[in-house]
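Data block below; observations after.
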Amino acid sequence: MPKPEWVSTDWKKAFFAAERELSPRLESMVRTDAFLDALAVANGLSRFVARTASRVGNGLVEAVGLPSSRQVRRLQRSVDALDRGTA
């Protein structure tokens, strides 16, 4: 029984053989509406989790009495506005 083309000791040959085998199937799957819908949902969830974590982190830092990134950003905007006013 001959061994498959992707079984090789040369990693480049193995990679390109596997890519030739998998690419058409993956490309057809990625172009479906279901995949794009799942990608949109995953992106939305990721953004939601990141914003929530940021808010919780800022709240904890502020509760301890340290300046949060939100407060530093507001202060930087105020300083920038003052610089623009005096320039």
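Values in this document were obtained by computation on a predicted structure and should not be read as measured data.
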Measure the [atom1]-[atom2] distance between [X] and [Y] for me, rounded to the nearest 0.5 Å.
X: Leu66; Y: Asn58; atom1: CG; atom2: CG; result: 11.5 Å
X: Phe15; Y: Asp10; atom1: CZ; atom2: CG; result: 12.5 Å
X: Arg77; Y: Leu82; atom1: CZ; atom2: CG; result: 14.0 Å
X: Ser68; Y: Arg55; atom1: OG; atom2: CZ; result: 13.0 Å

Cluster check Leu22, Met29: I/L/V/M/F/W/Y, side chain < 4.5 angstrom
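Leu22 clusters together with Met29.
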
Please check if Val64 and Val61 belong to a single hydrophobic cluster, counting links between Ile, Leu, Val, Met, Phe, Trp and Tyr side chain heavy atoms closer than 4.5 Å.
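Same cluster: Val64 reaches Val61 through Ile, Leu, Val, Met, Phe, Trp or Tyr contacts under 4.5 Å.
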
Using modelled atom types and a 3.5 Å cut-off, is there a donor and acceptor pairing between side-chain atoms of [X] and backbone atoms of [Y]?
X: Ser78; Y: Arg74; value: yes
X: Glu27; Y: Pro24; value: no
X: Thr52; Y: Phe48; value: yes
X: Ser23; Y: Glu19; value: yes

Distance alone, cut at 3.5 Å: any donor-acceptor contact between the side chains of Asp80 and Gln76?
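There is such a pair between these side chains.
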
Is it the case that over 12 heavy atoms from other parts of the model lie below 6.0 angstrom from the CZ atom of Arg47?
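Not buried by this count: 12 neighbours or fewer within 6.0 Å.
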
Would you sort out whether Asn43 and Leu39 count as a side-chain contact (heavy atoms from CB on, under 4.5 Å), showing the intermediate values?
CA-CA 6 Å; Asn43 187 33; Leu39 188 62; 5.7 Å; no

Please report the closest heavy-atom contact between Ser28 and Arg25, naming both atoms and the distance.
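Heavy-atom minimum between the residues: OG-O, 2.8 Å.
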
